[in-house]
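Hydrogens, waters and symmetry mates play no part in the numbers below; they use all other heavy atoms, side chains included.
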Amino acid sequence: MISETPAEPHVLGLLERALSASCAASLRAAVKLAVADALGDTPATADELAAAVGADPDALRRLLRSLTCHEVFAEDPQGRFVHTEVSLLLRTGAPDSLDQLVLWMTEPWTWELWGRLDESVRTGKEIFTDLYGGEFFEHVHRAWPESAAVFDRAMTQASKQSASAVAGVLSLEGARTVADIGGGQGFLLASLLELHPGVRGILFDRPDVVADADARLRDGGALADRVRLLAGDCREEIPADVDAYVFKNILGMNDEDAVVVLGNVVRTARAGAKVIIVENFVDDGPGQRFSTGMDLRMLLTVGGRKHTREGLLGLVEKSGLAVRDVRPVNSYQHMIEATTPGRST
């Protein structure tokens with residue numbers, strides 16, 4: 001009989017956590033090898049999958065064994081591998097696929113950043129510029145175009161994944177116009193306009209982003225006659241004459257810039273305009289592991305952050321907005337509803 005000391009589970013747990021990078025690397029390898037695509041609806045052996053993806057059978061079996069420990073794929077009693085609800089999310093081109101998000105979170109340049117997290121914690125500043133010689137987004141697009149393309153596809157997946165959830169809980173009662181600020185390709189805006197046929201929309205983002213807007217919003221699209229595509233920088237300006245502004249996952253910049261952006265709304269928007277902010281809280285909800293991990297990644301790359309509930313509400317109020325409601329969107333996102341000064345209470 002194997003005896004176990006009281007500390008042993010904690011020892012094992014600590015060592016597993018120290019090796020958790022192997023899980024991230026295994027997910028990346030599975031996406032790069034397209035294992036989820038090769039595995040269909042019927043069970044398959046590691047040898048069969050290795051032949052399909054061009055991998056060494058023994059090494060692929062070891063990769064799959066590791067991933068099954070994390071419930072990514074499963075192994076049946078005959079030693080064949082099958083899909084799980086998690087592995088299905090890795091299929092290329094599937095409507096709910098997250099394969100590009102997995103790649104973006106595990107790009108090769110991220111590993112050295114994580115190894116220097118202690119430096120960021122000591123200084124409270126990002127280390128990307130010191131390590132790679134350029135500001136994060138500019139350097140990625142200039143030096144690593146393939147990684148920049150992964151970023152664009154990942155943001156598309158993230159937007160599609162959350163658009164329907166956000167649209168389903170966001171009230172536009174009384175609004176005739178809605179502006180999605182930093183709205184990417186406009187998946188959330190399109191979802192809102194489909195749910196609210198009497199509302200017109202504005203998609204506001206960088207020129208290269210709005211130029212690649214969702215087909216529904218571009219000329220000839222089903223929603224094109226109700227949409228304006230505007231290029232700009234929300235740190236400098238905000239569209240005027242709008243009833244409701246939406247900011248989804250774009251206030252992770254430094255606190256000073258976040259206040260500037262929201263202050264632009266206060267200065268530009270009409271009195272009583274609705275301001276909707278969708279963000280991850282690092283201290284509220286079951287998605288804390290994800291949110292705290294993203295918080296540290298943002299510290300490393302841009303000196304930004306994911307906020308605590310109290311911290312983000314403080315920034316919203318500091319900008320001059322009045323908070324009206326806070327509620328969860330799903331397990332990892334919250335929605336803050338605020339208004340510009342002038343609404344009667």
Side-chain angles (χ1 to χ4, degrees), residues 15-114 140-141 143-165 184-185 187 212 214-215 287 289-290 293-294 297 330-332:
L15 296 179
E16 288 174 347
R17 289 172 175 83
L19 274 173
S20 59
S22 68
C23 179
S26 296
L27 283 169
R28 181 177 182 82
V31 172
K32 297 290 284 186
L33 291 167
V35 178
D37 296 335
L39 179 58
D41 296 330
T42 58
T45 66
D47 287 0
E48 291 168 337
L49 291 172
V53 303
D56 177 83
D58 180 63
L60 182 62
R61 184 178 296 104
R62 293 160 68 181
L63 176 69
L64 289 166
R65 183 183 299 126
S66 175
L67 287 170
T68 61
C69 293
H70 297 281
E71 299 179 346
V72 184
F73 302 107
E75 190 173 1
D76 70 12
Q78 288 74 45
R80 301 171 301 176
F81 293 93
V82 297
H83 273 300
T84 65
E85 293 299 317
V86 178
S87 65
L88 288 171
L89 299 174
L90 299 179
R91 295 171 300 170
T92 304
D96 56 353
S97 179
L98 300 180
D99 62 329
Q100 298 303 302
L101 275 163
V102 169
L103 291 181
W104 176 243
M105 292 178 183
T106 58
E107 285 290 88
W109 48 263
T110 63
W111 302 106
E112 191 165 358
L113 286 175
W114 285 119
V140 169
H141 282 82
W144 305 321
E146 291 184 3
S147 192
V150 171
F151 170 76
D152 291 340
R153 294 193 295 269
M155 293 306 98
T156 296
Q157 287 187 342
S159 297
K160 287 181 176 179
Q161 197 258 347
S162 62
S164 59
Q185 292 176 288
F187 297 110
D212 192 34
D214 183 87
R289 286 189 181 181
F290 169 76
M294 287 299 299
R297 179 183 165 111
N330 50 31
S331 61
Y332 61 96

Got a second to check how far [X]'s [atom1] is from [Y]'s [atom2], nearest 0.5 Å?
{"X": "Trp144", "Y": "Phe151", "atom1": "CH2", "atom2": "CZ", "result": "14.0 Å"}
{"X": "Ser164", "Y": "Phe187", "atom1": "OG", "atom2": "CZ", "result": "12.5 Å"}
{"X": "Glu107", "Y": "Ser147", "atom1": "CD", "atom2": "OG", "result": "3.5 Å"}
{"X": "Leu103", "Y": "Leu90", "atom1": "CG", "atom2": "CG", "result": "9.5 Å"}

I'd like to check the salt bridge (charged side-chain N to carboxylate O under 4.0 Å, His left out) partners of Arg80; sequence neighbours left out, ordered by chain and number.
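Applying salt bridge (charged side-chain N to carboxylate O under 4.0 Å, His left out) to Arg80 gives Asp76.
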Can you sort out the partners of Asp99 under salt bridge (charged side-chain N to carboxylate O under 4.0 Å, His left out), two or more places apart, ordered by chain and number?
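Salt bridge (charged side-chain N to carboxylate O under 4.0 Å, His left out) list for Asp99, sorted by chain: empty.
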Heavy atoms only: give me the nearest Met105-Met294 pair and the separation to one decimal.
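Met105 and Met294 have their closest heavy atoms at CE-SD, 4.3 Å.
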Of all heavy-atom pairs between Ser87 and His83, which one has the smallest distance, and what is that distance?
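Result for this residue pair: OG-ND1, 2.8 Å.
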Pair up each side-chain donor or acceptor in residues 30-41 with any protein partner under 3.5 Å, not counting sequence neighbours, and list the distances.
| residue | atom | partner | partner atom | Å |
| --- | --- | --- | --- | --- |
| Asp37 | OD1 | Thr92 | N | 2.8 |
| Asp37 | OD2 | Thr92 | OG1 | 2.7 |

Between Phe290 and Tyr332, is the ring centroid distance below 6.0 Å?
yes
Does the side chain of Thr106 reach to within under 4.5 Å of the side chain of Trp111, using non-hydrogen atoms?
yes
Heavy atoms, side chains only, cut-off 4.5 Å: are Gln78 and Pro43 in contact?
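The answer is no; the side chains never approach within 4.5 Å.
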Whether the side chain of [X] engages the backbone of [Y] through a donor-acceptor N/O pair (distance < 3.5 Å, no angle test) should be reported.
{"X": "Glu75", "Y": "Phe81", "result": "no"}
{"X": "Ser20", "Y": "Arg17", "result": "yes"}
{"X": "Gln157", "Y": "Gln100", "result": "yes"}

Decide whether a cation-pi geometry holds between Arg28 and Trp104; the criteria are a distance under 6.0 Å from NZ or CZ to the six-membered ring centre and an angle within 45° of the ring axis.
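Because its charged atom misses either the 6.0 Å distance or the 45° angle limit, Arg28 does not stack over Trp104.
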Residues in side chain to side chain donor-acceptor pair (under 3.5 Å) with Asp212, at least two apart?
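Result, side chain to side chain donor-acceptor pair (under 3.5 Å) vs Asp212: Gln185.
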Restricting to side chain to side chain donor-acceptor pair (under 3.5 Å), what partner residues turn up for Thr110, sequence neighbours left out?
none
Review item, side-chain donor-acceptor pairs of residues 59-72, under 3.5 Å, at least two apart:
| residue | atom | partner | partner atom | Å |
| --- | --- | --- | --- | --- |
| Arg61 | NH2 | Asp47 | OD1 | 3.0 |
| Thr68 | OG1 | Leu64 | O | 3.4 |
| Thr68 | OG1 | Arg65 | O | 2.7 |

